[in-house]
Amino acid sequence: MRVGHDPETTQGFVNPPIVRGSTVLFPDTSTMRRRAQKYTYGLRGTPTLDALEAAIDELEGSHGTILVPSGLAAVSLPLLAFLGAGDHCLVVDSVYGPTRLFCDTMLKRMGVETEYFPPGIGAGLSDLMRPNTKVVFLEAPGSNTFEMMDVAQAAGIARDGGAVSMLDNTWATPLLFRPLEHGVDLSIHALTKYPGGHSDLLMGSVSATRETFGRLRDAQMQLGINVSAEDAYLVFRGLKTMDLRIRAHEQSTLALARWLDGHEDVARVLHPALPSFPGHDLWQRQFDGSTGLFSFVLRGGGREEAAAFLDALSLFGLGYSWGGFESLALEVDLTDRIHATAPTEGPVIRLQIGLEDVADLQADLEAGFAAVRAMRR
Ligand SMILES: *Cc1c(COP(=O)(O)O)cnc(C)c1O
């Protein structure tokens with residue numbers, strides 16, 4: 001609980017100070033020339049940002065962490081740091097959609113070739129490695145469809161081929177999965193989600209090994225990107241209750257996912273903690289628990305049925321993002337997938353289970369199913 005801040009440095013106050021600022025004064029020219037003091041300029045760090053970085057390092061088991069203004073920036077910045085013209089990048093096909101967009105637009109324009117591989121490729125990943133493969137980008141479970149992979153195997157193949165491995169760890173948080181312990185070089189988070197936890201901020205982090213951190217921090221400083229002290233403070237505060245919140249999200253989510261798994265209007269539930277899910281064994285072997293985001297496939301129908309279901313919900317909000325206190329639902333678009341293609345039984349609905357009462361949430365979902373059944377009559 002004390003990670004990231006020592007109260008003795010703030011006259012006993014248990015939380016770090018919110019330090020705003022650009023200019024930092026030096027006592028003399030000699031100190032300034034050598035930059036021989038801890039803080040030198042607001043962009044390069046403050047006590048507030050240090051506290052959050054140190055807390056995340058402790059959770060991730062990383063050598064260093066950088067903070068950026070969104071989860072998506074925590075994806076794009078390390079890709080920019082480790083890729084250049086002529087390089088090849090391998091990306092799991094079930095990756096977060098905007099990650100794919102970044103690869104297909106800006107990285108492409110820079111002369112980087114991206115190749116997508118199926119999440120279940122296993123040892124076959126080594127056949128895709130080329131001499132110019134510099135980055136292998138992973139996400140587990142996959143965005144929206146939750147495919148699992150053997151992370152240590154993929155990270156090992158990347159390392160053997162001389163590439164840096166990165167994993168978007170947003171779903172699990174470092175409480176349930178620590179990528180660096182599985183050989184991954186960089187662990188990426190949308191702190192917007194569970195660490196923030198209250199749907200009131202955007203932030204991202206990248207946590208790195210000793211070997212990769214220098215290049216990552218250099219890229220952050222070359223681009224001139226950091227975060228505000230107030231937002232960093234809120235994420236630091238969110239970390240204090242993240243364990244309790246995630247346990248509550250997990251419990252409610254498992255109850256609803258199991259109920260949906262046996263529901264007559266549901267073709268399939270996509271949740272790695274359910275034994276019926278194809279990646280369940282891989283999840284169980286690698287992860288210490290599950291969180292509040294999963295999907296299910298409606299039994300039959302298309303976009304109209306999905307709209308009828310979603311529009312009948314009153315407790316679940318229709319909105320992007322997740323990891324906050326409130327339940328959310330949306331229709332998943334998987335049209336950009338090459339390998340990890342959409343289920344064919346019906347539309348895919350993604351749910352974020354918040355901290356509301358489970359019985360109320362179940363009744364809300366029943367109203368959605370009733371609306372779909374009414375359409376079919
Ligand atoms: C939400 C999310 C992001 C992006 O986070 P933002 O803060 O919304 O930019 C990145 N990766 C995953 C897996 C996410 O769910």
Side-chain angles (χ1 to χ4, degrees), residues 52 56 60 65-80 91-107 116 119 135 137-149 151 166-177 179 184 186-207 220 223 225-228 231-232 234-235 238-239 242 246 249 253 270-272 283 287 290-295 317 319-324 326-330 332-334 336-337 340 348 350-354:
L52 179 56
I56 297 173
E60 283 283 339
T65 290
I66 66 163
L67 303 170
V68 291
S70 70
L72 183 54
V75 168
S76 60
L77 195 145
L79 289 172
L80 287 173
V91 177
V92 67
D93 193 43
S94 49
V95 77
Y96 176 64
T99 299
R100 181 181 211 107
L101 186 68
F102 180 76
C103 295
D104 293 344
T105 54
M106 198 168 291
L107 284 188
Y116 297 96
V135 167
F137 194 100
L138 313 169
E139 185 173 328
S143 260
N144 296 326
T145 40
F146 304 92
E147 294 88 345
M148 287 301 310
M149 56 166 59
V151 173
M166 310 178 180
L167 186 139
D168 187 331
N169 195 27
T170 300
W171 183 83
T173 83
L175 296 182
L176 303 181
F177 188 65
V184 172
L186 303 176
S187 176
I188 290 165
H189 286 281
L191 300 174
T192 309
K193 309 290 170 51
Y194 292 115
H198 295 77
S199 307
D200 55 2
L201 61 87
L202 289 155
M203 199 182 295
S205 64
V206 191
S207 299
Q220 181 200 16
L223 288 163
I225 290 171
N226 220 323
V227 302
S228 86
D231 286 350
L234 285 175
V235 174
L239 290 180
M242 186 166 74
I246 284 181
H249 286 289
T253 303
L270 310 178
H271 190 315
W283 170 80
F287 286 60
S290 60
T291 54
L293 191 78
F294 72 104
S295 296
Y320 295 110
S321 204
W322 47 276
E326 80 289 30
S327 290
L328 299 169
L330 51 74
V332 168
D333 177 9
L334 300 165
D336 57 2
R337 298 278 179 88
V348 181
R350 189 186 80 181
L351 300 178
Q352 125 89 3
I353 305 303

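One-based numbering along the sequence shown. Atoms within each ligand, like the ligands themselves, are counted from 1 in listed order. Because the structure is predicted, anything quoted here is derived from the model rather than measured. Computation of the quantities below employed the complete heavy-atom set of this structure, encompassing side-chain atoms and omitting hydrogens, waters and symmetry-equivalent molecules.
The single protein non-hydrogen atom nearest to atom 7 (O) of ligand 1 is Thr192 OG1, 2.6 Å, given as residue, atom name and distance. Protein heavy atom in closest approach to atom 12 (C) of ligand 1: Asp168 OD2, 3.4 Å. In terms of protein heavy-atom proximity, atom 2 (C) of ligand 1 is nearest to Lys193 NZ, 2.5 Å. Counting only heavy atoms of the protein, atom 8 (O) of ligand 1 lies nearest to Leu202 CD2, 4.0 Å. The protein heavy-atom contact nearest to atom 6 (P) of ligand 1 is Gly71 N, 3.3 Å.
Heavy-atom proximity to Leu72, at under 4.0 Å, picks out these atoms of ligand 1: 4 (C), 5 (O), 6 (P), 9 (O). When each atom of ligand 1 is checked for a heavy atom of Trp322 under 4.0 Å away, the hits are 15 (O). Listed by atom number, the atoms of ligand 1 under 4.0 Å from Ala190 heavy atoms are 2 (C), 3 (C), 4 (C), 5 (O).
For Thr65 and Glu60, the side-chain atoms include no donor-acceptor pair closer than 3.5 Å.
Considering only heavy atoms from C-beta on, Ser295 comes within 4.5 Å of Phe146 through its side chain. Between Thr253 and His271 there is a side-chain heavy-atom pair separated by less than 4.5 Å. A heavy-atom distance below 4.5 Å is found between the side chains of Asp104 and Tyr116.
Checking only distances, Ser321 never comes within under 3.5 Å of ligand 1, N or O to N or O. Between Glu139 and ligand 1, no pair of N/O atoms sits closer than 3.5 Å.
Residues satisfying the side-chain hydrogen bond (donor to acceptor under 3.5 Å, both in side chains) test with Trp171, not counting sequence neighbours, are Thr291. The side-chain contact (heavy atoms from CB on, under 4.5 Å) search around Leu223 returns Leu77, Leu80, Ile225, not counting sequence neighbours.
Within the 4.0 Å heavy-atom shell around ligand 1 one does not find Tyr320.
Asp231 and Leu202 get closest at one heavy-atom pair: OD2-O, 4.5 Å. Closest approach of Val68 and Ala74 over heavy atoms only: CG2-N, 3.4 Å.
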